[in-house]
Amino acid sequence: MKTKLQIPPLTIYNTRTRKKEEFKPVNPPYVGIYVCGPTVYSDPHLGHARAAVVFDVLRRYLTSMGYKVRFVSNITDVGHLEGDADEGEDKIQKRARLEQLEPMEIAQHYTRVYNMAMAKLNVIPPNIQPHATCHIPEQIELVKRILERGFAYVVNGSVYFDVPKYAEKYQYGVLSGRKLEELENVTRELRGVEEKRHPADFALWKKAPPTHIMKWKSPWSVGFPGWHLECTVMNAKYLGIPFDIHGGGMDLIFPHHECEIMQAVAAWDTEPVRYWMHNNLITIDGQKMSKSLGNFITIEQVFTGDHERLSKAYSPMAVRLLILQTHYRSVIDFSDSGLASAEKAYKRLIYTLKKLDTLEFQGGNVNIELEERIVKHINDFYKFMSDDLSTARAIAQLFELSSIVNQLADKGKTVREVSYEVGNLLKTQYATTLKEILGILPEEEHVDSFRLNAVLQILITIRQEARQQKNFQLADRIRDQLKEVGIVLRDTPYGTEWDIE
RNA sequence: GGCAGCGUGGCCGAGGGGCUAGGCGGGGGCCUGCAAAGCCCUUGACGGCGGUUCGAAUCCGCCCGCUGCCUCCA
């Protein structure tokens, strides 16, 4: 029985070419990945969870293949205006004004919430998590460079990217397939952007209105950087141009990623990215989940069950499995029953993981056909993972193995139908693929246990009720006793936070 | 309107000319003090109408239905 694994080369569906391509790094064995991170002005939702989990698995898989991965994912703590370019207000600034807080307080808070949610989902933190506001000088430099090269113009202290000029020399819309002429018709509805020469032009630097809190000095005005600049600057700085993989949600293809390409090409005459990967979106009852529609479910709500569409609290690992049981380029329609189904399935995979540990593979009466099946399922796991990260099919192999292991386990601890060699391969591969590559852990190995949080939420609620009834003796007792065991409660404008000291 | 995509068994969800996807659920049984888990057996599908083909869920055409992007969002 051959126990040497065959791991085929990874192929990736490249949005840029609209084909599956074999992945070849720019500088092997190093691989640079950049994934667009969150704008930190509200609680992270299931869409964030999906993008994070998908690219976490990509990173884990590449690492398992022996690549040295540098994973960069940004925190957008400025920018992304709402509404018309001229009338719009920075999201974080708006939130800050509403809650009477420093913008950085908002950004800091939601960055923490995001990172905690990611930890619960067992997403490995980025090697670098750069903040947009920490790269203002670099962004100004890039604007200067694009200006010098003639692909931008200044109007009233704001700088705009000159798309028609760009389109004279380079091809427009290489990623989204959009055509410049078609864009004119659509965007004519957006009036009040007189500063722009062409509707497709976009801001590189905006002069700040007097009421604006978040602003920086630049050669053109006191203002703030444009919507798409930070990613170009930060992936160039930390990964170099060109780098290997740029990821994000499909909704970012246009205009965000298209603009990133134009900025980089305008600045350095080089397309910045080899492979563009885009995960599909999440729907709720068949409808897109979005902030503006207000129908989103936050990650935390899933973990606590605190949402009208949820019947109970679900394990982060159930969420992770649910996400991975769908191919990343397909839509996931989110539902309570889907989560329940994923949670059961998760428990089944973990049951097998634990059973497998107790089995002793001794051989002696080897069933060759069974051994062949085992080895085939393991190899197929890698075959499907390498086929554009087909996690759904890969996981199906794990369920096949689960069924085999459970059947063996039913007959007792000592297994004679499978040799020591194949049994050992089964043990190590089942654990490796499930835990290391898919990132699906047993609850108790999951350090950031969501149940601890659930329990604390109960205590926090009880304490809150006590405070409202002016029963401060009880409220303080809860806080003091938690502190004794190393858990700190903090009352903030958004409610009570907890932290481990 | 332009562009992209989808419609698979009770639900979710892979696949994509002949070869078991998988999970959850349902039915029957084993095990068990009860329950749960696990095991065995079982149920069952490719939106509609045409066409290509020896053969179509898979290719082509038309029709019906749904969704996304085109504007901030993962």
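Excluded from the calculations below are hydrogen atoms, water molecules and symmetry mates; all remaining heavy atoms, backbone and side chain alike, are included. Residue numbering restarts at 1 for every chain, and letters A, B, ... go by the order of the sequence lines.
Counting any heavy atom pair closer than 4.0 Å across all strands shown, A:G248 reaches sugar-phosphate atoms only and no base atom. Across all strands shown, A:L252 has heavy atoms under 4.0 Å from sugar-phosphate atoms exclusively, and none from any base. Note on A:H278: nothing from the nucleic acid sits closer than 4.0 angstrom, heavy atoms only. Residue contacts for A:G249: at a heavy-atom cut-off of 4.0 Å it reaches the sugar-phosphate backbone alone, with no base atom in range.
With sequence neighbours left out, the side-chain hydrogen bond (donor to acceptor under 3.5 Å, both in side chains) criterion links A:N156 to A:E195. Applying the ring pair (Phe, Tyr, Trp, His ring centres under 6.0 Å) rule to A:F202 yields the partners A:F161, A:H228; only residues at least two apart in sequence or on another chain are considered. A:F23 pairs by the ring pair (Phe, Tyr, Trp, His ring centres under 6.0 Å) definition with A:Y67, A:Y275, not counting sequence neighbours. Checked against ring pair (Phe, Tyr, Trp, His ring centres under 6.0 Å), A:H135 has the following partners two or more places apart in sequence or in another chain: A:Y238. Legend: residues meeting salt bridge (charged side-chain N to carboxylate O under 4.0 Å, His left out) with A:R348, ordered by chain and number and at least two apart, are absent. In this structure A:E360 satisfies the side-chain hydrogen bond (donor to acceptor under 3.5 Å, both in side chains) test with no other residue, sequence neighbours excluded.
Heavy-atom distances to RNA chain B give each of A:S176 and A:L322 a nearest nucleotide, and the one nearer the 5′ end belongs to A:S176.
Residue pairs meeting the salt bridge (charged side-chain N to carboxylate O under 4.0 Å, His left out) criterion with at least one partner in residues 46-59 of chain A, sequence neighbours excluded, are A:D56-A:R60, A:D56-A:R320.
Side-chain atoms of A:Y351 lie closest to B:rA37 of the nucleotides B:rA14, B:rA37, B:rC73. You'll find that the side chain of A:D410 is closest to B:rC39, out of B:rA4, B:rG13, B:rC39. Side-chain atoms of A:S330 lie closest to B:rA14 of the nucleotides B:rC69, B:rA14, B:rC73.
One C1' atom belongs to B:rG29, the other to B:rG51, and the distance between them is 48 Å to the nearest Å. Rounded to whole Å, the separation between the C1' atoms of B:rU8 and B:rC66 comes to 15 Å. Distance noted for atom C1' between B:rG27 and B:rG65: 33 Å (whole Å). With P as the reference atom, B:rG47 and B:rC6 are 12 Å apart, rounded to whole Å. Rounded to a whole angstrom, the distance from the P atom of B:rG7 to that of B:rU53 is 27 Å. Atom P of B:rG17 sits at a distance of 38 Å from the matching atom of B:rC73, rounded to the whole Å. On the C1' atoms, B:rC24 is 29 Å away from B:rA56, given to the nearest whole Å. Using atom C1' as the reference point in both B:rC39 and B:rG18, the two lie 34 Å apart (nearest Å).
Taking 4.0 angstrom as the limit, A:N406 places none of its side-chain polar atoms (N or O) nearer than this to OP1 or OP2 of B:rG38.
A ring-centre distance under 6.0 Å is not found for A:H256 and A:W227.
Taking atom CZ on A:F202 and atom P on B:rC70, their separation rounds to 16 Å, with Å as the unit. What separates CE of A:M250 from P of B:rU67 is a distance of 15 Å, to the nearest Å. Atoms CD (A:Q407) and P (B:rC40) sit 4 Å apart, rounded to a whole Å. Taking atom NE2 of residue A:H256 and atom P of nucleotide B:rC70, one finds them 13 Å apart after rounding to whole Å. The distance between atom CZ of A:F254 and atom C1' of B:rG2, rounded to the nearest whole Å, is 12 Å. The NE2 atom of A:H228 sits 11 Å away from the P atom of B:rU71 (whole-angstrom rounding). One interatomic measurement links the two molecules: CZ of A:R178 to C1' of B:rU71, which rounds to 11 Å at whole-angstrom precision. Going from atom CD1 of A:I323 over to atom P of B:rA14 covers 13 Å, rounded to whole Å.
Annotation: A:K355, atom NZ; neighbour count of heavy atoms from other residues, nucleotides and ligands within 6.0 Å does not exceed 12. Annotation for A:K413: atom NZ does not count as buried by contact number, only 12 or fewer foreign heavy atoms lying within 6.0 Å.
No option in A:D388, A:T15, A:N279 other than A:D388 meets the side chain to side chain donor-acceptor pair (under 3.5 Å) test with A:R329.
With a cut-off of 3.5 Å on both pairing distances, the Watson-Crick and G-U wobble pairs of RNA chain B assemble into stems of 3 or more at B:1-7 with B:64-70, B:10-12 with B:22-24, B:26-30 with B:38-42, B:47-51 with B:59-63.
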Extract from the structure each pairing of a protein N or O with an N or O of nucleotides 20-30 of chain B at less than 3.5 Å, listing the distance.
| residue | atom | partner | partner atom | Å |
| --- | --- | --- | --- | --- |
| B:rG22 | OP1 | A:E400 | OE2 | 3.4 |
| B:rC24 | O4' | A:S341 | OG | 3.0 |
| B:rG25 | OP1 | A:K344 | NZ | 2.2 |

